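To start, the structure under review is shown below, and the notes come after it.
Here is how names work: the chains are called A, B, and so on, in the same order as the sequence lines, proteins then strands, and each is numbered from 1. Fair warning: this is a prediction, and the values are worked out from it, not measured in the lab.
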There are 2 protein chains.
Amino acid sequence: MSDLPLLGYALLALIDQKPSSGYDLRKAFAETAMGNYSSSPGAIYPALERLEAQRLVRGVVSKSAGLRRRRLYYLTLRGKAELKKWLARPLEEIDLMRGAGEAMLRFAFMDRALGATYTRVFLRNFRDALKAYIAGLDSYLAQNATRMPLPGRLALECGIRGYRSMYDWTAYALRAYRQQPTKPHSAVRKSKPGDSR
Amino acid sequence: MSDLPLLGYALLALIDQKPSSGYDLRKAFAETAMGNYSSSPGAIYPALERLEAQRLVRGVVSKSAGLRRRRLYYLTLRGKAELKKWLARPLEEIDLMRGAGEAMLRFAFMDRALGATYTRVFLRNFRDALKAYIAGLDSYLAQNATRMPLPGRLALECGIRGYRSMYDWTAYALRAYRQQPTKPHSAVRKSKPGDSR
DNA sequence: TCCACCATGTAACTGGTTACATGATTAC
DNA sequence: GTAATCATGTAACCAGTTACATGGTGGA
């Protein structure tokens with residue numbers, strides 16, 4: 001069973017936090033600062049169907065409280081496993097090459113599913129990968145700066161600065177995680193049908 | 001005639017710099033630090049066909065120099081106009097919401113097609129848009145920080161830091177553009193058949 | 001001769017976009 | 001009653017991905 005599209009993992013992660021309907025998930029994308037994702041019904045509902053076809057989630061209609069019928073999705077054990085597998089993946093250089101969106105998404109949901117200790121390890125790996133990647137970009141720049149046109153050089157420098165700011169952020173995030181006591185991680189909590197909303 | 005996909009504009013901009021074959025363009029994406037774009041033949045060749053169908057580029061086979069036949073693409077007047085229209089578009093907040101990739105792409109090719117003076121204006125607009133956008137993110141963070149889970153808050157802060165580094169970069173880029181004398185801009189130069197490679 | 005690279009293309013699949021359709025419930 | 005919002009879905013379209021196919025050319 002191969003990779004899911006990013007949206008699929010984002011959905012798994014959100015459903016892991018709380019069993020949700022398609023509408024809930026759309027709101028989550030539209031309202032929170034997770035702006036990156038689609039939130040259009042034409043993306044969410046088919047994606048949920050695909051996840052269900054792969055038995056990563058299961059949707060059950062809930063007619064509670066006089067509302068219109070909503071189909072609440074729950075993670076299956078397979079789904080939980082798939083989510084963890086994704087979160088626990090080693091961080092490759094390629095995860096940085098087109099921006100660190102996927103890495104950040106993983107970070108955002110990692111604590112809950114894998115615990116603070118693992119998250120700290122991830123942050124350190126992230127920091128090291130960024131350091132290496134920045135070094136590569138720097139040497140590319142040093143070798144080509146003179147023969148590059150000014151706007152191209154500046155655009156590259158903008159990218160490098162962006163990665164540098166992310167590198168600084170990893171240190172900041174690690175500090176925040178050190179201050180925060182390592183509480184027993186919540187991955188133990190199983191979401192069962194019944195704790196609706 | 002509506003928007004092209006980003007890849008289309010990237011191709012127009014590269015072809016504007018130098019008439020190129022599909023292979024040249026693939027190399028440009030694969031080798032230079034423009035890593036963001038596809039470079040796969042299944043993306044480039046169909047995209048070129050679409051551009052040609054819209055009469056934005058014209059491909060002519062060139063059998064020069066004993067090499068295998070290559071189809072060199074040139075910008076048409078329509079293509080030149082479309083490129084400029086895209087480059088000259090006002091910068092909206094939405095151009096920042098999912099990362100500034102398109103804005104940076106425009107910047108990278110703007111000088112050549114619209115001149116240094118316009119590029120300076122663009123950079124100032126970019127700076128101001130970033131400032132406003134960062135202010136919005138900051139106030140969102142201030143209002144929600146306490147009720148956000150730690151990883152979510154940190155992820156948002158990472159994003160804010162990234163935009164801030166871009167803001168700093170605009171100042172840096174403007175300085176670079178001020179030092180550089182405003183030479184008569186190269187948009188005058190027309191690429192004609194004959195300066196092949 | 002054979003390999004590496006130049007160069008172009010095609011086909012099947014995938015998933016996301018926009019736009020539309022539908023209907024239930026709540027608040028005024 | 002009617003407007004806003006909750007809630008789910010569908011269809012047509014579009015472009016990008018992977019994988020494959022093909023053949024020319026130059027150098028070992």
Exercise. Using a cut-off of 4.0 Å on non-hydrogen atoms, how would the nucleic acid contact of A:R71 be classed: base, sugar-phosphate, or nothing?
Worked result: sugar-phosphate
Exercise. What's the spacing between B:I15 CD1 and B:L72 CG if we round to 0.5 Å?
Worked result: 9.5 Å
For this session: Provide, to the nearest angstrom, the distance between the CD1 atom belonging to A:I44 and the C1' atom belonging to D:dT10.
Result: 16 Å
Exercise. Applying the side chain to side chain contact (heavy atoms under 4.5 Å, CB included) test to A:R70, which of A:V60, A:D24, A:V61 qualifies?
Worked result: A:D24
Exercise. Minimum heavy-atom separation for A:A113 to A:D16, with atom names?
Worked result: CB-OD2, 4.2 Å
Exercise. What's the OH-C1' distance between B:Y73 and C:dA7, to the nearest Å?
Worked result: 12 Å
Problem set entry | Whole angstrom value for the distance that separates P of D:dC14 from CG of B:L51 | 15 Å
Exercise. Rounded to whole angstrom units, what separation is found between the CZ atom of B:R69 and the P atom of D:dT22?
Worked result: 15 Å
Exercise. Given atom CG of B:L48 and atom C1' of D:dG16, what is their separation to the nearest angstrom?
Worked result: 14 Å
Exercise. When the distance from CZ of B:R26 to P of D:dT18 is rounded to whole Å, what number comes out?
Worked result: 12 Å
Problem set entry | B:E49 CD to C:dG9 C1', straight-line distance once rounded to whole Å | 8 Å
For this session: Considering only NZ, NE, NH1 and NH2 on the basic side and carboxylate oxygens on the acidic side, decide whether A:R153 and A:E157 come within less than 4.0 Å.
Result: yes
Between the protein and nucleotides 11-21 of chain C, which nitrogen or oxygen pairs are less than 3.5 angstrom apart?
residue: C:dG16; atom: OP2; partner: A:R50; partner atom: NH2; Å: 3.2

For this session: Please identify each residue that fulfils salt bridge (charged side-chain N to carboxylate O under 4.0 Å, His left out) with B:R164, with sequence neighbours left out.
Result: B:D138
Exercise. With sequence neighbours left out, which residue pairs that include part of residues 100-119 of chain B fulfil the ring pair (Phe, Tyr, Trp, His ring centres under 6.0 Å) condition?
Worked result: B:F107-B:W169
For this session: Establish, with yes or no, whether the OP1 or OP2 oxygen of C:dC6 is under 4.0 angstrom from a side-chain nitrogen or oxygen of B:Y23.
Result: yes
Exercise. In whole Å, what is the span from the OH atom of B:Y45 to the P atom of D:dT22?
Worked result: 17 Å
